[in-house]
J.: 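Okay, handing you the structure first.
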Amino acid sequence: MRTQRQVVDYSLQKRAVLRDVHNGKIGTLEVCDASPYLKSAARFHGEPTDDRCPICRRDNLTLVHYIYGDELKQSAGQARKLAELPVLAMTLREFQVFVVEVCQSCAWNHLIEQYLLGRDALTADELDHVEAVAASAAAGRHRETGSSSQRWDSRR
Ligand SMILES: [Zn+2]
């Protein structure tokens, strides 16, 4: 995504956890503890992947995108579909995205990435473009109302 920034990658931590599970230092119950909320977020808002679960190998992993930020108000902390993020990134200045992978079979879950999204990342030119597109859309609506009011006037 164009406005993605301050990306933090958690793949090293994930690999360390998986190594410990493999060595028996951590029990699978400790890492397969997805809450009912996380599991339902995966079911309803999750992004399917082709990656097999590293623990049970029965199911493919699902990515859940959680959004946080003051501008989101009541929506802060909610899971959103990946397709909704670019729209939010054009309307909000800045918000945080946490990406969690979840296995819907064994409940394995791990934070894999976090990053910032939002208009703050756009250059002045890009912002002009976004605003021009928005303005022309608004102008289009205006023209329609304009012509209908004109008709109303001429009828009078
Ligand atoms: Zn699994």
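Atoms within a ligand are numbered from 1 in the order they appear, just like the ligands themselves.
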J.: Using 2.8 Å as the cut-off, note every protein N, O or S atom close to the Zn ion (ligand 1).
T.: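 Checking every protein N, O and S atom gives C53 SG, C56 SG, C103 SG, C106 SG.
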
J.: Check for me whether the distance between the ring centres of F95 and Y68 falls short of 6.0 Å.
T.: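 No - the distance between ring centres of F95 and Y68 does not fall below the 6.0 Å cut-off.
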
J.: May I ask you to say whether E101 pairs ionically with K14, meaning some side-chain N is under 4.0 Å from a carboxylate O?
T.: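 Judged by the 4.0 Å cut-off on N to carboxylate O distance, E101 and K14 do form a salt bridge.
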
J.: Do E113 and V97 make a side-chain contact, defined as non-hydrogen atoms from C-beta onward lying under 4.5 Å apart?
T.: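 The answer is no, as the side chains (C-beta and beyond) never meet within the 4.5 Å cut-off.
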
J.: Between R119 and E71, is the closest basic N to carboxylate O distance under 4.0 Å?
T.: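 No, this pair does not count.
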
J.: For K73, enumerate each residue passing the side-chain contact (heavy atoms from CB on, under 4.5 Å) test, keeping only those at least two apart in sequence or located in another chain.
T.: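 Per chain and number, K73 pairs via side-chain contact (heavy atoms from CB on, under 4.5 Å) with no residue.
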
J.: Should the heavy atoms of other residues, nucleotides or ligands under 6.0 Å from CG of N23 be counted, would the total exceed 12?
T.: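 Counting other residues, nucleotides and ligands, CG of N23 exceeds 12 neighbours.
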
